[in-house]
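Working notes, structure below.
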Amino acid sequence: MQDGFDRRRMLRLGAALAAGSVLTGCAAATGHEPATEERHEGALTAEQALARLKHGNERFVAGNALHPGQTRARRGELAAGQHPIATVLSCVDSRVPPELVFDEGLGELFVARSAGQALDKAMLGSLQFGVHELHIPLLVVLGHSKCGAVKATIEAVEQKAPASGTDIDTLVTAIKPAVEKAWGAVDVLATAVRENVKNGIARLAAAPVMSTATAEKKLTIVGGVYDLATGKVAFL
Ligand SMILES: [Zn+2]
């Protein structure tokens, strides 16, 4: 835990959340000292960050990845602090590492991953931290083709399988609404993958911190689906 993640700031964020100033986005109005600092000089806008991710993905697709930001010098620079350009919520699938898919280096992407990019409280808190403390302007919810977690959820619904009693049930519960929406589609899996991304966006957009940041135009949330075969991210 380095810049932006030290214990003092974590506690301060906790205090702000407890006081409700973050939840309601009314820190200034209630007279509380704003818990955040301004974005750093030269920070990208959401549009610029998205354009950069698209260009990086084009390089990756074409086999022309630059693998930037992996030198010893860059590592040293980043020891002083991080200013990621985008947050990516993606699946744990080993074939979808956001840094490679978008051809980005150390310190550029703030990544949270879970199977089928399912959201729970810890994931939501982590993503909110990135917005609130690091002022990351862009949040990408990234699904992918043939997602095993979505496929398993389809099978569970199809077979009316009882809960397994393991924590995998959490994933099924999180992904199930997308599967139900996709039911009857020509390609249920592909449709459910897209619906799952849309559900993720909706849930994030409604979450504390995110809803305020979005209303204040400090955060843009977008979705995309990564194609395992081509490497291309199709933004929704
Ligand atoms: Zn997956």
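One is the number of the first residue; the rest follow in order along the sequence. Scope of the values below: all heavy atoms of this structure, side chains included, with no hydrogens, waters or symmetry mates. As the structure is a computational prediction, the values presented were derived from the model and not from experiment. Remember, it's 1-based here, ligands and their atoms both numbered in the order they're listed.
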With a cut-off of under 6.0 Å to the ring centre and 45° to the axis, is Lys232 in cation-pi contact with Tyr226?
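No, a cation-pi geometry is absent between Lys232 and Tyr226.
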
State which residues pass side-chain contact (heavy atoms from CB on, under 4.5 Å) with Val225; sequence neighbours excluded, sorted by chain then number.
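Partners of Val225 under the side-chain contact (heavy atoms from CB on, under 4.5 Å) test: Val193, Arg194, Val197, Leu236.
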
Go through the structure and list residues passing side-chain contact (heavy atoms from CB on, under 4.5 Å) with Lys146, not counting sequence neighbours.
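Leu228.
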
Heavy atoms, side chains only, cut-off 4.5 Å: are Gln128 and Val131 in contact?
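Of all side-chain heavy-atom pairs linking Val131 with Gln128, none is under 4.5 Å.
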
Are side-chain heavy atoms of Thr87 and Val111 found at a separation under 4.5 Å?
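No, every pair of side-chain atoms sits at 4.5 Å or beyond.
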
Report, as a single number, the protein N, O or S atoms less than 2.8 Å from the Zn ion (ligand 1).
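Counting protein N, O and S atoms closer than 2.8 Å to the Zn ion (ligand 1) gives 3.
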
Taking only distance into account, with no hydrogens and no angle test, what donor-acceptor pairs under 3.5 Å do side-chain atoms of residues 174-183 form with protein atoms, sequence neighbours excluded?
none

